[in-house]
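Here the structure is laid out as structure tokens; the discussion comes afterwards.
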Number of protein chains: 2
Amino acid sequence: MSTPRQLRAREVLRVLIADDQALVRGAIASLLDLEPDLEIVSQVGRGDEVLEAARSTRPDVALLDVEMPGLDGIAVARLLREQVPECRSLIVTTFGRPGYLRLALEAGALGFVVKDTPSGQLAAAVRRVAAGDTVVDPALAAESLVMGASPLSARETDVLIALRQGGTTAEVARLLRLSEGTVRNHLSAAIGKTNARNASEAARIAAENGWLLTP
Amino acid sequence: MSTPRQLRAREVLRVLIADDQALVRGAIASLLDLEPDLEIVSQVGRGDEVLEAARSTRPDVALLDVEMPGLDGIAVARLLREQVPECRSLIVTTFGRPGYLRLALEAGALGFVVKDTPSGQLAAAVRRVAAGDTVVDPALAAESLVMGASPLSARETDVLIALRQGGTTAEVARLLRLSEGTVRNHLSAAIGKTNARNASEAARIAAENGWLLTP
DNA sequence: ATCTGGCGGTGACAAATGTCATAACGGGTG
DNA sequence: CACCCGTTATGACATTTGTCACCGCCAGAT
């Protein structure tokens, strides 16, 4: 039934895996290695190591975690699109942040699945992305539509990001070279837009919606 | 090639896997299935489904994620210890919270590894736990010693937990049936003990240290 | 029985945070 | 050009949050 006579060069799909948790990375590799038409050609644990690995091992598909040290998976997808365009990106992430999906697609990723999709479907997603189809988690797609894009302005986003790292507003002001009053203004706007009741809740809500990635 | 003539009863170790992320769960299963002496007898995605699965499938070792809906992995380990004592527990967690380790050992878990240990070592950890040895991530063990037990009183812990769910102190007070002033006092104490600069930072620090699990 | 120390609680006070009005500046857009 | 929007900034003000002194309770020690 399969077609042994079609001796295309593209019979075996070369796959790169990027995930910061070694155990998960190895486990996914062993899962995909069971498929005869998939070959794991590279495994990396940091976002900023993907590009070099992709250049040297020429994968057809890159499985990218979003949360990684060095560089997040969405930024990596953007780089791959520009510099290694023959490698398609499939984002595989822990949290179903609706905003991540939109950013990922804008960054040129073809696929987006969350880590609690059935493990049997991953190989199928890889094949479809390799073929040029887009693969998107349906539940997340729906949520992403209602949620829409981030309502936060660029500066408001910066302030929330800084707030999650340094603690107080005074420190945020110093970090961003702003006056304290300005920081409070941005925070007040962000609190209103996120329907939060204080700054830390606003930061939490924004993070949960995937609005704190620099686009 | 395998050894059909060595018909020992204990030749194959029966393993249960509990993790809320289906993809990770399946991937770990396929990783361990490569080992001829390990057999995956059960996979569950919720903490409160483990006990029933353990009773019906009689595993030798249970791999338990800490973060799970229904019941956290440490509480599950405690239950297994009491009600299915022949099943040893191995905690496999995403975050290396030092406090988790201590709680896990107190709950009767024999092993504790974080998800960024090399994937090749997982099978070895399973075998050692099955044999009754304790397996602990060395880096985490050292950190756990310096960190020690939680400095927070029971009530302070309650307040921080409530703060992470409801937003403002007023809501925390209503949730816990306390006066607002009392909540502020507990928070002040917690802020001092954690060297934080405001309540939300204290909550974050306590969570990162694994001090917010009800022991 | 009395002392003592930790914990939980109350109220007063100080400091930080959130809100609002206002204004100047620059970049786009009609 | 006039206009709108985002950014930065200031000052005034209400509210929330953090700190502290003090009190009552209970358990263990003396």
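Throughout, protein chains are lettered first and strands after them, A, B, ... in sequence-line order, and every chain is numbered starting at 1.
Comparing B:N185 and A:T182, the nucleotide of DNA chain D nearest to each residue sits closer to the 5' end for A:T182.
The side chain to side chain contact (heavy atoms under 4.5 Å, CB included) with B:L63 is formed by just one residue from the set B:I28, B:I40, B:I91, B:V129; it is B:I28.
Of the listed nucleotides (C:dT19, D:dA9, D:dT19), D:dA9 has the atom at the smallest distance from the side chain of A:L178. Closest to the side chain of A:A154, out of D:dT7, D:dT10, D:dG18, is D:dT7.
In this structure, B:I191 places its CD1 atom 16 Å from P of C:dA15, rounding to the nearest Å. The CD-P distance, from B:E156 to C:dG6, rounds to 13 Å in whole Å. Here the P atom of nucleotide C:dG8 and the CG atom of B:L176 are 11 Å apart, to the nearest Å. Computed from coordinates, the B:R177 CZ to C:dG9 P distance equals 13 Å when rounded to whole Å. We find that CG of B:L187 is positioned 10 Å from P of D:dT19, with the value rounded to whole Å. Atom pair B:R197:CZ and C:dT17:C1' shows a separation of 15 Å (rounding to whole Å applied). Atom pair B:R155:CZ and D:dC25:P shows a separation of 18 Å (rounding to whole Å applied). Look at CD on B:E180: it is 15 Å from C1' on C:dA12, rounded to the nearest Å.
For A:R204 and A:E208, the salt-bridge test passes: some basic side-chain N is under 4.0 Å from an acidic carboxylate O. The residues B:R25 and A:D116 are annotated as not salt-bridged, no charged nitrogen and carboxylate oxygen being separated by less than 4.0 angstrom.
B:E52 meets the salt bridge (charged side-chain N to carboxylate O under 4.0 Å, His left out) test with no other residue; sequence neighbours excluded.
Residue contacts for A:R184: at a heavy-atom cut-off of 4.0 Å it reaches a base atom on one of the strands shown. Residue contacts shown for B:T169 are limited to sugar-phosphate atoms, with no base heavy atom under 4.0 Å away. When heavy atoms are screened at a 4.0 angstrom cut-off, B:H186 is found touching the sugar-phosphate backbone but no base atom.
No N or O donor and acceptor, one from the side chain of B:N198 and one from the base of D:dT16, sit under 3.5 Å apart.
The list of side-chain hydrogen bond (donor to acceptor under 3.5 Å, both in side chains) pairs with a residue in residues 120-129 of chain A, not counting sequence neighbours, reads A:E35-A:R127, A:D37-A:R127.
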